[in-house]
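In what follows, every chain begins at residue 1, and chains take the letters A, B, ... in the order their sequences are listed.
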Amino acid sequence: MCEVNKSQYMNEGTRDPRPGNAIPALRLQEDSLDKSVATTADAVAEVPDGAVIMIGGFGGSGAPIELIHALVDRFRATGHPTGLTVINNNAGNGGIGIAAMIRAGMVTKVICSFPRTAQSEAFTEAYLAGELALELVPQGTLAERIRAAGAGIPAFFTPTGYGTDLAEGKPVEMFEGKMYVRESWLKADYALIKAEVGDRMGNLTYRGASRNFNPIMAMAATTTIAQISRLEPPGAIPPGAVITPGIFVSTLVEVTDPQQEEVLVRAETVY
Amino acid sequence: MCEVNKSQYMNEGTRDPRPGNAIPALRLQEDSLDKSVATTADAVAEVPDGAVIMIGGFGGSGAPIELIHALVDRFRATGHPTGLTVINNNAGNGGIGIAAMIRAGMVTKVICSFPRTAQSEAFTEAYLAGELALELVPQGTLAERIRAAGAGIPAFFTPTGYGTDLAEGKPVEMFEGKMYVRESWLKADYALIKAEVGDRMGNLTYRGASRNFNPIMAMAATTTIAQISRLEPPGAIPPGAVITPGIFVSTLVEVTDPQQEEVLVRAETVY
Amino acid sequence: MSETDNPPRKLSNRQIAWRAAQDLEDGAYVNLGIGFPELIATFQPAGREVIYHTENGILGFGPAPAPGQEDWDLINAGKKAVTLKPGAAIFHHADSFAMVRGGHLDLAVLGAYQVSQTGDLANWRVGTSGVPAVGGAMDLVHGAKRVAVVTDHVTRDGQPKLVAECSFPLTGVGCVTRVYTSLAVLDIDGGKFLLREKLPGLSMEALQAVTGAPLHVEGTVADLNVPEDI
Amino acid sequence: MSETDNPPRKLSNRQIAWRAAQDLEDGAYVNLGIGFPELIATFQPAGREVIYHTENGILGFGPAPAPGQEDWDLINAGKKAVTLKPGAAIFHHADSFAMVRGGHLDLAVLGAYQVSQTGDLANWRVGTSGVPAVGGAMDLVHGAKRVAVVTDHVTRDGQPKLVAECSFPLTGVGCVTRVYTSLAVLDIDGGKFLLREKLPGLSMEALQAVTGAPLHVEGTVADLNVPEDI
């Protein structure tokens, strides 16, 4: 790259009062960069029919239940959005979350690694009735395809699935004596994720091991909507503790006491 | 996967005193998993001639100066290791660190993105004299090739470098109307990295923005040697604050007041 | 199962897990598959520290908390609540499978429907009907440095699970190198089952009769001794 | 440079940077190349918040600290000390270039040796001798949503830097969409230079004479007005 004028840098602004010299100081414009909205309904208001939606979480951990239910509410009230493709590790449990979306009839395809669990009746019934398409992806390949989408990598090779039904029709190639399968990035129109602390710029942290798919889905979607338990001012999260930088987040909504999928499923809650 | 016996799990051990039932409790064996060694000389004692060595850091930030100098010391005392390939973003600055390795004559190849800086005389002289091979890699491709090695991805496609001299001879392919170049993983025998806090299991955190290449190099090398400013007991780093999990680290050495490459270069220090 | 001279006593799952646990190495990074393989941690020998990995992003988790003390943001791949040991680390799914795929785990232990003499594993579905589910097994079998299997030696209706060639859909090709069964411990090398241990009193003939591929012996075959009362 | 009727006054680098800064959008994520492009941040218009990205793993850095207050673990890609603004985030190199390559940056502004009318950029070396160095430029040009260039309109010896086809080694193909020069502001679209602004008093003929490819006009060409005393 060109290395012109290396001696001059942004700090010049701090000692130069001439016209046009806006001074970037250690503060933020208070009216800028506020990605937060008031309600979960506002947050999901723009999701259109036919959208491909990544939904974070693994088991009961990190699932954005309130955002999902806001989407279900909108569908019940308006008939939209419908014809959705849902990307998650599972395919819904019990009668809430993704299972409620499936029961409501707004999902036409699921891309996941493990749709069969003890509580996956909603998916199982719709799938066996031929009402739902399924793309089954090994869990690590699912994670890497999502990460690849976020990182601008359209295709990559993985050893996972070589010689199995899940690699059928995919190009294979040998590297250093071992066989690999070529896989493609997996992009989405929207990601619905759950985080713990967020600031209005969209920087996020996650509670316990609830990161799972959330940070990579935030990277892979055109529009990422995050529900957070606590909205804090920029700077409250130390820069080194940010797990999802705000650049990956479009919209934030505070849900102060979020429900936990596992608890709802155990209580046999139906939404 | 098989789902046999799902109801039984590790907590059984806590209520079962029968033979063979070691109880995994919330403590660690004190004599296990100690990856720390006493000196930087001990840490680099096994690096052989011809090794491919990743060295962390970007500019003055995150460069493991003491580990590098221990390697230089060993070479001066024993003539080994020599014939090394060094992977770093740069190719050494001033008279210390990688520049000192080059001056000592123990390096035969450099893989990097930016070998030409205001203080890169050591590299420039050796390179123009034909004593050093150079593989020039765009910075993002360098980072991704290293990450790919750590993640078991032998090849991937990137738009970077398409149509340029640096993509010559590499397979290209179109995805969604845009051209991409196929690149390969970049592995190493050793990684020398610099972190701030470490525990004896090898969990690491980094100071400021000194992460840069360090965490991904730790993943990509067969053996990763980390110098840390402070050795703490396991648990001192909160699980969610670990940047490099111990699984990626082989050897640790405490260097309590590490030198900063930028300061040494500005002082025109020669090692 | 064919009749044999000595209808063999067989090990319980807990006993198989105990035997597999004896091979856990101090300082090893290990992933135990959901269900039966998880039992192995229960029997981790005293004096060895093992760091357990779970696909959903924890390294260094410990036993389940007391009932009622569960934190459902701290779970394993089987969605069961876990605790964190000192030195645990948390990361996201892509980093977790980078660990797996990148060859950083020392050992993965999985269940099996069938294992072939070339190390092929079938453990994710038995046919093409119903709802398929694969999870992380296909990644684990090609990622960990060693892949072992714990399994009954035969199916419920007596068919061999150790076979010449898997008839069920494969999870991975040539990936398994050790099998702990209810009757024996075997290594897989060079396209052959190498018998390492068998239950005391169980004849080679009886074992071969319930095994779907030839058993080979290199050196001696040890007795597979496991505590009775676990 | 060929003689023209009105030997044009030309903008200084600071003035070019000022003009480029006027197009910074509130809330934009921006990477400014080392050197000349970095100047743009100096002129960021009041009332707009811009989040600056640097390849070595910071989003949201601020101006340099006072001399003597440098922390060399907080630097930018040009190895210059920076500060962190509230809401900054730190990450490693692979994550940093995931941001770049994945299309998450709104804008990258780079320097140039040459820019072609099809948007090709040459900015990393001028020949095949000496020590080559590429850094992150090749990633930035294919990653950011918009790639702009700040440059003198001509080389020191008067040769056009805006050309029909680059003769120097390419950094990227068809990647630049806007160019801020010492004489004009141009967009690149459909394989053509579209003139948007030129210095007041500079004739089309004079500008064309120092431009290595045809200038096209769609609609009006505005005056390129920049404060004199910066």
Side-chain angles (χ1 to χ4, degrees), chain B residues 58-62 89-91 93 112-118 120 123-124 127-128 134 136-144 146-148 150-151 158-167 178-180 196 206-217 219 243-244 260-263 266, chain D residues 34 54-59 61 70-84 88-103 118 120-122 124-125 128-143 166 168-175:
Chain B
F58 181 95
S61 173
N89 187 66
N90 299 106
N93 289 303
C112 74
S113 94
F114 213 90
R116 190 187 65 230
T117 70
S120 59
F123 173 83
T124 301
Y127 176 71
L128 296 180
L134 170 66
L136 191 71
V137 183
Q139 193 173 145
T141 299
L142 183 64
E144 190 66 12
I146 293 168
R147 190 262 174 194
T158 173
T160 303
Y162 173 73
T164 76
D165 296 350
L166 297 189
K178 184 169 170 178
M179 294 302 296
Y180 290 79
E196 185 175 33
Y206 299 87
R207 188 170 177 281
S210 68
R211 288 182 205 179
N212 53 64
F213 282 94
N214 285 300
I216 53 175
M217 287 180 169
M219 297 169 64
I243 301 301
T244 294
Q260 190 85 21
E261 178 178 297
E262 186 71 25
V263 174
R266 285 174 181 242
Chain D
I34 298 171
T54 181
E55 292 94 310
N56 53 309
I58 309 177
L59 200 61
F61 67 90
E70 296 90 352
D71 178 338
W72 298 111
D73 283 337
L74 289 178
I75 60 174
N76 67 10
K79 302 189 188 177
K80 289 197 273 294
V82 297
T83 48
L84 298 180
I90 287 170
F91 32 85
H92 64 53
H93 244 87
D95 282 351
S96 182
F97 279 90
M99 258 172 223
V100 171
R101 203 188 305 102
T118 56
D120 295 353
L121 174 66
W124 71 287
R125 69 187 312 193
T128 55
S129 65
V131 176
V134 64
M138 284 190 184
D139 304 276
L140 284 165
V141 297
H142 286 299
C166 295
F168 295 143
L170 293 185
T171 307
V173 175
C175 52

Would you mind checking which part of [X] comes under 4.5 Å of any heavy atom in chain D, side chain (CB onward), backbone (N, CA, C, O), both or neither?
X: F123(B); value: side chain
X: F58(B); value: both
X: N90(B); value: side chain
X: R147(B); value: side chain
X: P215(B); value: side chain
X: L142(B); value: neither
X: S120(B); value: neither

Atom [atom1] in [X], atom [atom2] in [Y]: separation rounded to 0.5 Å?
X: T164(B); Y: L121(D); atom1: OG1; atom2: CG; answer: 11.5 Å
X: E144(B); Y: F97(D); atom1: CD; atom2: CZ; answer: 11.0 Å
X: T160(B); Y: M138(D); atom1: OG1; atom2: CE; answer: 9.0 Å
X: W124(D); Y: L136(B); atom1: CH2; atom2: CG; answer: 5.5 Å
X: Q139(B); Y: S96(D); atom1: CD; atom2: OG; answer: 8.0 Å
X: H142(D); Y: M179(B); atom1: NE2; atom2: CE; answer: 10.5 Å

Heavy-atom pairs under 4.5 Å with chain D - which of [options] has more of them than the others?
options: P115(B), G62(B), G60(B); value: P115(B)
options: A167(B), A143(B), S113(B), S210(B); value: S113(B)
options: G208(B), S61(B), G140(B), G161(B); value: G140(B)

Between [X] and chain B, with a heavy-atom cut-off of 4.5 Å, which part of the residue counts as in contact: side chain, backbone, both or neither?
X: S129(D); answer: neither
X: D71(D); answer: side chain
X: A77(D); answer: both

Query raised in the report: Is it the case that Q260(B) and D73(D) place a side-chain donor and acceptor less than 3.5 Å from each other?
Result: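 Short answer, yes.
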Query raised in the report: So which of N56(D), I58(D), T54(D) has the biggest tally of heavy-atom pairs under 4.5 Å with chain B?
Result: N56(D)
Requested in this report: Determine the option with the most heavy-atom pairs under 4.5 angstrom with chain B, choosing from G57(D), A94(D), A98(D).
Outcome: A94(D)
Query raised in the report: Under 4.5 Å between any side-chain heavy atoms of P132(D) and Y127(B), yes or no?
Result: yes
Report task. Show your reasoning for whether side-chain contact (heavy atoms from CB on, under 4.5 Å) applies to F114(B) and K79(D). Result -> CA-CA 12 Å; F114(B) 213 90; K79(D) 302 189 188 177; over 6 Å; no
Report task. Look at the rings of F213(B) and H93(D) and say which category their plane angle falls in: under 30° parallel, 30 to 60° tilted, over 60° perpendicular. Result -> parallel
Report task. Please report the closest heavy-atom contact between R211(B) and F91(D), naming both atoms and the distance. Result ->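 Heavy atoms only, the tightest pair is NH1-CA, 3.8 Å.
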Report summary line: Residues V134(D) and V137(B): closest non-hydrogen pair is CG1-O, 3.9 Å
